[in-house]
Participant: 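The structure follows.
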Amino acid sequence: MRWSLDTLYTSFDSEEFREDLKRCDEYIKNIKEWVKNNLSTKDDPVEKIEEFIKIQNEFYSLFSKLSAYTELTLSVEAKNEKALRTSDILYGKIPELTEPTSTFKKWVGSLEDIDNIIEASELLKEHRFYLKEIVRRSKYLLSDKEEVIIAKMKNTGSNAWSKLQNLLSSTLLVDITIDGEEKHLPLPVVRNMAYDKNPEVRKSAYYAELKAYEKIEESSAACLNGIKGEVITISKLRGYNSVLEKTLMDSRMDKETLDAMLSAMRESLPYFHRYYRKKAEILGHKNGLPFYDLFAPVGEADMRFTFEEARDFIVNSFKGFSKRLSDYVKNAFDKRWIDAEPREGKRGGAFCYNLHPIKESRILSNFTGSFNDVSTLAHELGHGYHGACLVNESFLNSDYPMPLAETASIFNETIIKNAALKEAGKEEALTILESDISSSGQVIVDIYSRFLFESELFRRREEGALSVNELKEMMLNAQKEAYGDGLDHNYLHPYMWINKPHYYYAEANFYNFPYAFGLLFAKGLYAEYLKRGEEFVESYDNLLAATGKNSIADVAAMMNIDVHSIDFWRSSLKVIEEDIEKFISLT
């Protein structure tokens, strides 16, 4: 249940790692010299752009290996001193490329006939989207000197705050009494108790978790204020109207799409409120569902899996959809690409890290044997499969935006749910159905609360730093608006702003609505699969392979989906609403 990183590097002291670190410095030196010697005139633009693209692809492939090994090590060993020191070294190298990269982007943006230039080269045509994005966004670039200052200051600003928050949350031990015994457990272990069959365990874990956050609330608030303050300042300097505008541009998504999706989500909230009230009734609550029972299992079925059983179930379930997907997943388990064991020093939650240069991925989860854990593994393996569909693209064309990042993962979850339902008896079917609705509720209702919170956070952070009490109040208000009377307002989660690491990514703000996009887009794709059957699979793989070099609207159009239409989002939500009706009728 622990991964191997040996195909990246065997250690920080290995000859290969040290040599690649040196090569990294050589690349940076060569890039700086090349820009200085070649971009003083606009002569030979085709040849110059070709050469720079080749250099970038080579450098970032190398750098991403080094940074991946470092960050993956830190994700399971938060106090690893060599990894922490190497992370600082690597982050220190990025600002050195800021000036030459900025110069190149401005130079491309100044070319008068970019379309004809692109048409003159196969390599440039392959990177058309990348180059057109440079032109579109060149107006937001500052002077070379300002860009260098910003990049360097990030290392002692947002990057440092992010590292601190990760260290605080990864090493936080929760004091909890279990069966009369006082224990000090890692946060992910206690968080997973929310799925326990025993209501007293769930409730105790909830109170112990909230109490534990008090140890790091002031430092976490300082981290959050520091990061968001920097983001606001830089966005204004660049000329964006808001941080949301920048996020949408980074996401290759327009405001029309976001508004259509959010409108449909708001319309669907009453359905979710009915579900929460029904679940509360089943569990014996009268005033809505308390937060500590949000993930409580429903039904008599006790669906538990060993790690090996989870592997076999996932691999076999995917065979019915695609041999390529099933083979990918089997390989991920066999080659030890997955770290699933919860332990001290390991970060909570789950993620997938695609390693494009070596055509592999690494998946982190905190597996305890629940069906939800199985679904989470399938979800993260979807991210890995997405990466596998992009291995033949260049490094620059393998970078897809956040909203499309959730497509394959949630598609995988849907396959797993339906496979489980086929084999399930009545009680198991109820458990699976409820688990899936609960998961959708997190992506629609809870994500909406996080969007509300972050919108308010940016609005108020412009006026000054926010206190712990203000942050808690804002989170509670956002949860009340999103969950409505579905939750008992006496038992909410005021510290969700500490729990979710997404708020602490300075380069990925509003890391919430992309999940909703991914869920609903994947639901729409799955409906298309049910119509088309086996012929859909190749189109699906092609869609995933195109996500690095197209806008969201153009990727969706490959499947004849109009993301500007509220009716598309309503149709995807309708699938969940029908499941809610089915759940209520079964109970």
Participant: Parallel, tilted or perpendicular: which one describes the rings of Tyr353 and Phe351, with boundaries at 30° and 60°?
Facilitator: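 Tyr353 and Phe351: perpendicular rings.
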Participant: With a 6.0 Å cut-off on ring centres, are Tyr526 and Tyr529 close enough?
Facilitator: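 Ring centroids of Tyr526 and Tyr529 are less than 6.0 Å from each other.
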Participant: Please tell me whether Trp497 and Tyr504 form a close aromatic pair, meaning their ring centres lie under 6.0 Å apart.
Facilitator: no
Participant: Would you please say whether a donor-acceptor pair under 3.5 Å links the side chains of Asn198 and Asp196?
Facilitator: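 No, no side-chain donor-acceptor pair sits under 3.5 Å.
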Participant: Taking the six-membered ring for Trp, are Tyr491 and Tyr292 parallel (under 30°), tilted (30 to 60°) or perpendicular (over 60°)?
Facilitator: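 Rings of Tyr491 and Tyr292: perpendicular, over 60°.
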Participant: Would you check if the distance from the ring center of Tyr385 to the ring center of Phe318 is below 6.0 Å?
Facilitator: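 No, they do not, as the ring centres are separated by 6.0 Å or more.
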Participant: Please state whether the rings of Tyr511 and His502 are parallel, tilted or perpendicular, taking 30° and 60° as the class boundaries.
Facilitator: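 Geometry flag for His502 against Tyr511: perpendicular rings.
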Participant: Might you work through the side-chain contact (heavy atoms from CB on, under 4.5 Å) test for Gln165 and Ile227, ending with a clear yes or no?
Facilitator: CA-CA 11 Å; Gln165 170 60 18; Ile227 291 166; 5.9 Å; no
Participant: Does a side chain donor of either Asp293 or His285 reach within less than 3.5 Å of an acceptor in the other side chain?
Facilitator: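 Per modelled atom types, Asp293 and His285 side chains form a pair under 3.5 Å.
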Participant: Hey, can you tell me if Phe568 and Phe521 have their rings parallel, tilted or perpendicular (30° and 60° cut-offs)?
Facilitator: perpendicular
Participant: Under the side chain to side chain contact (heavy atoms under 4.5 Å, CB included) test against Val555, which residue among Leu543, Ile561, Val563 passes?
Facilitator: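 With Val555 as partner, side chain to side chain contact (heavy atoms under 4.5 Å, CB included) holds for just one option, Leu543.
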Participant: Going by the angle between their ring planes, with limits at 30° and 60°, are Tyr213 and His493 parallel, tilted or perpendicular?
Facilitator: tilted
Participant: Phe451 and ring pair (Phe, Tyr, Trp, His ring centres under 6.0 Å): which single residue from Phe517, Tyr515, Phe510 fits?
Facilitator: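 Result for ring pair (Phe, Tyr, Trp, His ring centres under 6.0 Å) with Phe451: Phe510.
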Participant: Please check if any side-chain donor atom of Asp446 sits under 3.5 Å from a side-chain acceptor atom of Tyr483, or the reverse.
Facilitator: yes
Participant: Do the side-chain N and O atoms of Ser539 and Arg532 include a donor-acceptor pair separated by under 3.5 angstrom?
Facilitator: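 Yes.
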Participant: Step by step, work out the ring pair (Phe, Tyr, Trp, His ring centres under 6.0 Å) result for Phe367 and Phe305.
Facilitator: CA-CA 10 Å; Phe367 185 85; Phe305 295 77; 7.9 Å; no
Participant: Check the orientation of Phe536 and Tyr540. Use parallel for under 30°, tilted for 30 to 60°, and perpendicular for over 60°.
Facilitator: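 Answer is parallel, since the angle falls under 30°.
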